[in-house]
Amino acid sequence: MKNRKFAQLFLNALLGIAVVLIPCAIFTSCVEEKQLDELVQEANQEETEQETEEPVVALPGLPEDVAGYEKWLKLNAEPIPPVAGGDPHNGTKNVYVNQERDTIAPEGEQQFPYPDGSIVVKEAFRPNKDYVGLIAIMRKKAGTDPDHNDWEFIEYTRNAPDADFKVIASGRICWGCHIRVEDIDYVFTELD
Ligand code: HEC
């Protein structure tokens with residue numbers, strides 16, 4: 001008699017556990033499935049986003065190696081204002097380089113010279129204009145001009161937002177002035 005009562009109690013307990021556990025198990029497996037579904041969906045979405053992302057092209061008239069320069073490391077924290085009393089690159093300027101911060105400033109301190117292959121791009125918005133009207137480029141190519149730290153200088157301008165950039169000057173006229181900052185590898189703008 002005692003045994004039967006005990007068996008009954010035991011069965012009830014088992015039933016109780018089952019009532020709680022089974023729905024729990026079903027619920028968690030649904031959640032997992034849903035998460036997996038979502039993950040797959042997200043992954044697919046990312047893929048299509050990547051496919052539809054616009055290819056990076058240079059502004060018209062500029063060489064391809066500066067395409068997407070706006071995404072490079074910007075040396076100046078704030079836009080550089082026009083130089084009072086006459087600006088060789090007249091306008092409001094930003095300076096970019098195709099290097100990582102850690103490469104040119106290990107442990108937070110900028111090192112010189114810039115590595116071979118460096119490209120420094122300066123864009124300028126001409127006074128009262130809202131499009132880039134000037135692009136000045138310094139490219140470091142080993143062997144091109146050892147007397148001037150192997151920098152190649154070239155500058156382009158345009159006078160309308162949809163016009164092609166055209167070369168305006170290059171070489172001696174540029175390094176003749178940039179030589180003033182020879183000690184920091186000819187680049188006036190230091191990393192902020
Ligand atoms: C009379 C001096 C002078 C001349 C000439 C000059 N620059 Fe500059 N350049 C500067 C100064 C100063 C800066 C610093 C940023 C600013 O205020 O525009 C600069 C900045 C630059 C930068 C951004 C990197 C840096 O040094 O800060 C590039 C790139 C550049 N110049 C390229 C050229 C090219 C190419 C030419 C020739 C077509 C040229 N420069 C001629 C004075 C000059």
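By convention here, the first residue in the shown sequence is residue 1. Numbering of ligands and ligand atoms starts at 1, following listing order.
- With a 4.0 Å cut-off on non-hydrogen atoms, V121 does not touch ligand 1 at all.
- In terms of protein heavy-atom proximity, atom 15 (C) of ligand 1 is closest to K122 NZ, 3.6 Å.
- For the pair Q110 (side chain) and L191 (backbone), a donor-acceptor distance under 3.5 Å is present.
- Considering only non-hydrogen protein atoms, atom 13 (C) of ligand 1 sits nearest to F188 CD1, 3.5 Å.
- Side chains of W151 and D185: a donor-acceptor N/O pair is present below 3.5 angstrom, by distance only.
- Residues S118 and N98 are in side-chain contact: their nearest non-hydrogen atoms beyond the backbone lie under 4.5 Å apart.
- Of the protein's non-hydrogen atoms, the one nearest atom 7 (N) of ligand 1 is H89 NE2, 2.7 Å.
- Looking only at heavy atoms of the protein, atom 17 (O) of ligand 1 is closest to K93 NZ, 3.1 Å.
- Residue A136 touches ligand 1 through backbone and side chain together, judged by heavy-atom distances below 4.0 Å.
- Near V95, with a cut-off below 4.0 Å to any heavy atom, the atoms of ligand 1 are 23 (C), 24 (C).
- In this structure a side-chain-to-backbone donor-acceptor pair under 3.5 Å is missing from N94 to E123.
- Between the D150 side chain and the T144 main chain, a donor and an acceptor come within less than 3.5 Å of each other.
- Contact of the K140 side chain with the Y186 side chain is not registered, since no non-hydrogen atoms from C-beta on lie closer than 4.5 Å.
- Protein heavy atom nearest atom 21 (C) of ligand 1, with residue, atom name and distance: H178 CE1, 3.3 Å.
- For atom 3 (C) of ligand 1, the closest non-hydrogen atom on the protein side is C177 SG, 2.7 Å.
- Annotation: T189 places an N or O atom under 3.5 Å from an N or O atom of ligand 1; distance criterion only.
- Looking at R158, its side chain does come within 3.5 Å of a backbone N or O of V132 through a donor-acceptor pair.
- Aromatic ring orientation, W175 versus H148: parallel (interplanar angle below 30°, classes split at 30° and 60°).
- For the pair E155 (side chain) and F153 (backbone), a donor-acceptor distance under 3.5 Å is absent.
- In this structure, I173 places its CD1 atom where only 12 or fewer heavy-atom neighbours from other residues, nucleotides or ligands lie under 6.0 Å away.
- Counting atoms of ligand 1 from 1 in the listed order, those under 4.0 Å from a heavy atom of I154 are 35 (C).
- For a distance bound of 2.8 Å, the N, O or S atoms of C174 include none lying that close to atom 8 (Fe) of ligand 1.
- Scanning all protein heavy atoms for the shortest distance to atom 5 (C) of ligand 1 gives I173 O, 3.3 Å.
- Atoms of ligand 1 found under 4.0 Å from any heavy atom of M138 (numbered from 1 in listed order, with element): 28 (C), 29 (C).
- The distance from ligand 1 to the heavy atoms of V83 drops below 4.0 Å at these ligand atoms: 17 (O).
- Not one N or O on the side chain of Y69 forms a donor-acceptor pair closer than 3.5 Å with the backbone of V95.
- Those atoms of ligand 1 that come under 4.0 Å of a heavy atom in V120, given as number and element, are 24 (C), 29 (C).
- Interface atoms of ligand 1 facing A169, defined by a heavy-atom separation under 4.0 Å, are 38 (C).
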